[in-house]
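Values in this document were obtained by computation on a predicted structure and should not be read as measured data. Just so you know, ligand 1 is whichever comes first in the structure, and atom 1 is the first atom listed for that ligand. Computed from heavy atoms alone, side chains included, the values below leave out hydrogens, waters and symmetry copies.
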Amino acid sequence: MTHPTAAATATFSRTRDLFDLPEGVIYLDGNSLGALPRGVKARMAEVVATQWGEGLIRSWNTHDWIDLPGRVGNRVARLIGAAPGTVTVADSTSINLFKVLVTALRLRPGRKVILSEKHNFPTDAYIAAGVAELLGAGHELRLVEAAELSGAIDEDVAVLMLTEVNYRTGARHDMAALTRAAQAAGALTIWDLCHSAGAVPVDLGGAGADFAVGCGYKYLNGGPGAPAFVYVAPDHLEGLSQPLTGWLGHAAPFSFAETYRPAEGIAAMRVGTPPILSMSALDAALDVFEGVDLGEVKAQADRLFERFTGIVAEEAPELVLATPVDPSKRGTQVSLRHPEAYAVMQALIARGVIGDFREPDIMRFGLTPLYVGLDDVERAARILGEVIRAGAWDRPEFRQRAKVV
Ligand SMILES: *Cc1c(COP(=O)(O)O)cnc(C)c1O
């Protein structure tokens, strides 16, 4: 294992101090809900008391609320290898996926296949199936195993729609290679970056990806239900139109014109009034990434991965690693299989180690170097070993499923 450089150690001890985590908790669930950056608290207090409380409706102009989606979009753009003016923050990932999928299908009118992979995050497949049905034009969602993707790209494929890092296993696709293959066959690509943005270096521009969407509340730490982002490649920005033709995607919303005319550029991806409170929280959360290189984040996450899985292999050898060992083929989570994964995870949470469970038998541990250190993962792995060895998970209360897992 490579040791952290002095620069990495300094970077991550600085970022760790930017977060508020409860005493006694090792938080390994930033892949599901990022931790609270301290600066968000102060920003929320200011936005609520001053911008809203005192500025009232004037703040749309005086605090430039109206352009907040594009401003925050540009900050996200830097983290995903996108040029300024190609990303806006809006809506949820599911809704953004709907918008870009319809847009992409309309750009490939003769083709009927949306190609994706089995075991993708369900919302992606649900939205695609819904779009196919809504369009009523004979579109088909074709789902294949990850290994069969490149072979399945043919002249019928309109769109290759993939999640770069798999939510369940943490396996990562080769975005550049798959984008090339899809485009060589005349198809467009949509990348879901929910488990990539803020976790690994992403280069949408370099890969030549056509569209991308992603989440604000996972590795970007924007808070529960934070608005999502949407990327459109420069080539597709001209004349861009999308199906949710709301007034804030209009070229001149305050002309209150009778007919819709899309805004120029990425602003056409907007739909309705932006959620200023949660968008401000996301904006403040992104301060944490200032001066942070995502290559360093991934390298440090790889060190956390090695330390964690090394100890688990010794202390709980019956757990099966579901995440690729090759660092270039994974994101920054560790997934472990156990037949009673849900109960084991509940026993861990009761001991202050917070990860989560995914059907049918996966325990997920998010390794987020911004606020998780080598000492944390070492302790977490030892506690996991104890829980497994002692069978401490085998209690009725740990089998009780909550509404949200
Ligand atoms: C978390 C996640 C989503 C979430 O979509 P929402 O609309 O924000 O609920 C979508 N896709 C993937 C791959 C995810 O991991």
Is there a polar contact between ligand 1 and Ser94, counting only N or O atoms under 3.5 Å apart? yes
Restricting to non-hydrogen atoms, name the atom on Asn120 and the atom on Thr163 that form the minimum distance, rounded to 0.1 Å. OD1-OG1, 2.6 Å
Within the 4.0 Å heavy-atom shell around Tyr217, which atoms of ligand 1 are there? 1 (C), 4 (C), 5 (O), 6 (P), 8 (O), 9 (O)
Do me a favour and list the nearest non-hydrogen protein atom to atom 11 (N) of ligand 1 with residue, atom name and distance? Asp192 OD2, 2.9 Å
Grab the two heavy atoms, one from Leu220 and one from Cys215, that are nearest each other, plus how far apart they are. CD1-O, 3.6 Å
Thr163 neighbourhood, listing ligand 1 atoms whose heavy-atom distance to it stays under 4.0 Å: 13 (C)
Closest heavy-atom contact between Val297 and Ala199? CG1-O, 3.6 Å
For ligand 1, which atoms have a heavy atom of Thr123 less than 4.0 angstrom away? 10 (C), 11 (N)
Kindly give the heavy-atom pair with the smallest separation between Phe98 and Pro243, and that separation in Å. CE2-CG, 3.6 Å
What atoms of ligand 1 come closer than 4.0 angstrom to any heavy atom of Ser92? 7 (O)
Any carboxylate oxygen within less than 4.0 angstrom of a Lys/Arg side-chain nitrogen, looking at Glu340 and Arg399? yes
Would Arg75 and Glu290 pass as an ion pair if we require N to O under 4.0 Å? yes
Smallest heavy-atom separation, Asp302 atom then Pro327 atom, equals OD2-CB, 3.5 Å
Side chain, backbone, both or neither: Asn120 near ligand 1, heavy atoms under 4.0 Å: neither
Closest non-hydrogen protein atom to atom 5 (O) of ligand 1, residue and atom name please, with distance? Thr93 CB, 3.5 Å
Please report whether ligand 1 has a polar contact with Lys218, defined as an N or O pair separated by less than 3.5 Å (distance criterion only). yes
